[in-house]
Every structure is written in C-alpha cells, then in structure tokens.
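Take a look at the structure below.
What you are looking at is a predicted structure, and each value in this text was computed from that prediction instead of being measured. Worth knowing before you read on, the calculation uses all heavy atoms, side chains too, and leaves out hydrogens, waters and symmetry mates. Order of the sequence lines fixes the chain letters, A, B, ..., with proteins taken first and strands second; residue numbering starts at 1 for each chain.
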Amino acid sequence: MVTSSNIETKKIWTILEQVTDPEIPVLTIADLGIVRDVKINGDEVEIIITPTYTGCPAMDMIAMNIKLALLENGYSNIKISSVLAPAWTTDWMTEDGKRKLKEYGIAPPQSESGPRKWRGPESFHVQCPQCNSSNTRCISEFGSTACKSLYQCNDCKEPFDYFKCH
Amino acid sequence: MNSSLIDYIQHLADNALIMAQRNAEWCGHGPVLEQDIAITNISLDLLGQSRNFYQYAAQLINESEKSDEATEDSLAYLRTERAFKNCFLAEQPNGDWAQTVLRQFFFSAYQFLLYKKLQDNTDEQIAAIAAKALKEVTYHLRWSSEWVIRLGDGTEESHQRMLTAIDELWQYTGELFMPAAYELESGFDVSSLKDDWFNKVVAVFEEATLPVPEKCFMQTGGKTGIHTEHLGFILAEMQYLQRTYPNAEW
Ligand SMILES: [Zn+2]
C-alpha cells in the first residue's frame, strides 16, 4: 500500500542521496551506508545515522549538511539521531560507491567475506586504482583519515589511499 | 541512580581521553610523517571513544539530577584531578618513541580484551560503544605490537630504549587488573583478563627479543582519583581554554 508517509519518506531519501561526504566528496552518505533510517513522527523528520569511525570528525559536518539539505527542501522540524549498534561496516558501502571511489583514485574496500579475508595489512593485494596492478604494498595502516590506509603501487610507483575494510 | 555505573563509565571515558591527549602531543613531532599520522589517528579514535562514554555519562547524570548541566564537555573540561579515574599508565609521559609505543601496546592489549568482554555487557549503550571501538582497537594493537617488535628486535640502541621503557612502565600495568569498587559493581572483575593480557605481552616480547619483566611492586591509585604528578599538567593544558574563557566555542 502506498501511503502519503511512504511517499514522503521516499522523497527524503532522494534528498539524502545528494548529501556528500565532506572528506570524500564523490561519495554520498547513501553510498557509504551511513543513513540507517528515516522516520516521520508527526511533523518531525528524524534521520538516524551511524558513524563510520568512533572519532570521525566528519560526522558532525555530515549531520549539519543533512539538516541544511532538508531545510532547503522545506522541512523545518528535523531531528538527527546517531546510533552505534549495529556497528558500521564497509559491507554497507554500495557497489556504485566502490566504483566512484576507484575513479577518484582511492582503492575501494575489499570484502571481508570470501576468500580474501583480511589477515593483516599485506595478506592480500590491494589493486592499484591507477594501473590496476595487484603488485602493491602497504606503507602505513593509518592514512590521511581514519578510514584509509596508505599504499604504493610497485609497478606504476603511484602512492594511493586504500579505503580499508572495517 | 546507580552512581557506581556513572563512575564506571567515566573511568572508561577518562582512560580513553587521557591516552588521546598524550598521543596528540606527538602531532607534528612524529619520527616520520606516516607514523605522525598513525599516532594522531589513534589519538582521534580514542577521543571518539571518550566522547561516546562522556555523552552517556552526562545523560545518566542529568537523568538522576533532573538537570541538563552535565555535558561531554563539562565532564572533560571542568572536573578536577581527583575526579579523574583514568589508570596511571594512560597519564605517563610520552618519553621517547619507544616509551610511547610500549605504553600504547600495554594499553591496547588491555583495551582489546576489555572491549571484547564489554561488547556483551547487559548495558546496551556500553555494549554498543565497545563493539564499535573494538574494530579500531584491533588496529591499535597490531600497530603497537609491530613497533615493539621492530624496536626490540632492532638495533642495539632501539633494544636498549625498549628496555628502559619497560623499566619505566611495567610498574603501572598491574593497576589495570586490580578492580576498583565501581568496576566490580557495574562492570566486571577485570582481574579475569590478566592472564590473557600477560600471554599476549609474552608472545610479542618473545618475538621482540625482549625479556619478560619480573614481578615487581605495582603502583595503584589512578582509578580512584589518586594520580601521579603528571595528570595535573595534562589537565592544566587541556582545560586551560574552558577555565580561562568559560563556555568559549569555536
Ligand atoms: Zn599502479
């Protein structure tokens, strides 16, 4: 059954798909899987989000950007709630998001499940987003933001960020 | 309201905050750029953990006092030294890189076991924070273990520096596993983690060609608000702005 509330919720999701990550602007918060739920309580719109990393400084800005996007679209009574459980995982990132990351020059997370299960920084080969070589090495497990590690391609020599599995 | 639960949550928050503040002192001073970034990333993760715990503690305090005065900021910036319940280990100075990575290793090995246990805690919010942070602590533990091994099994000088760091820090590790009253009432008996922690230390030290320290007198006090002289200096710096310009925001 299609109710007015369904239509409204769908409209809000479409607005949220325009909100991007301040640190990786090619990704929307929908690509990242940060938005867990949209609820309409009377005339209040509640957006439920979950942080990627505990200390991610982008979360406050993301919450503000969600608010601004909704305000621009005529919503005034907005509540942003943050939940911690279940904990965010890179498995929630959309395939489209992974493709956009690669085009942006960041190697997308390789799935935790399956044969390539993470067993330490050099247990599998992260593909170079520039030349697609699998001959790469981890320079540092900690990169420019909490969600990334620093890698270098042994073939084209290009250093690159890897969005690590989490 | 259960005041031991509030004490317990503040203890978890204080541990994370003081470790974060110590590690942040390396910002711009790390031995190489990648490691400067690593240690400040760890600091940021710990700061995030402390924020989650402080927010929860503030919520419980406000519910019990029917007020809205407690906030994550008031708990971090406006409490005095005696109110902080962090362990001694967290407040010890950075020293050289060997001392910093060893402190992180001891602490992360402890936090890893602690959060693994707390993710099944009956208090849902504590369980959620622990489950979330556990993923990050796993990285901290791996990173710090690798550094202990690299320096221990490195040059003569790096080996010597690790020995000095062990001498300095070992005496503060016992406290981690001596439960304070609020831990027993609202958490669990942390002494149950001691054997697993010790085995982890032994495994890494063996790979690092470092001797396992002998039994020595263990310092205690931090968990109940009796601190080494270092905490006062940390708070003086960390709280300066809020103390001097109350309610300042930027
Ligand atoms: Zn390449």
Shortest non-hydrogen separation from A/W88 to B/K135 and the atoms involved: O-NZ, 2.8 Å

Atom NZ of A/K100: over 12 foreign heavy atoms under 6.0 Å: yes

Partner chain B: residue of A/T52, A/V83, A/T145, A/L150 with the largest heavy-atom pair count (under 4.5 Å): A/T52

Main-chain N/O of A/P86 paired with B/K132 side-chain donor or acceptor, under 3.5 Å: no

Parallel, tilted or perpendicular, as decided by the 30° and 60° cut-offs, for the rings of A/F142 and B/W143: perpendicular

Heavy-atom contact with chain A under 4.5 Å, split by part of B/Q125: side chain

Interatomic spacing from OG1 in A/T54 to CG in B/L134 - rounded to 0.5 Å: 10.0 Å

Whether over 12 other heavy atoms sit under 6.0 Å from B/N247 CG: no

Close contacts, residues 20-37 of chain B versus chain A, judged by heavy atoms under 4.5 Å: B/E34, B/I37

Which atom of B/A128 lies closest to which atom of A/L84, heavy atoms considered: CB-CB, 3.9 Å

Whether over 12 other heavy atoms sit under 6.0 Å from B/E207 CD: no

Option in B/D45, B/I39, B/I129, B/L44 with maximal non-hydrogen atom pairs under 4.5 Å from chain A: B/L44

Salt bridge (charged side-chain N to carboxylate O under 4.0 Å, His left out) against A/D37, all qualifying residues, sequence neighbours excluded: none

B/Y77 atom OH, over 12 foreign heavy atoms within 6.0 Å: no

Heavy-atom proximity to chain B below 4.5 Å, by part of A/S82: neither

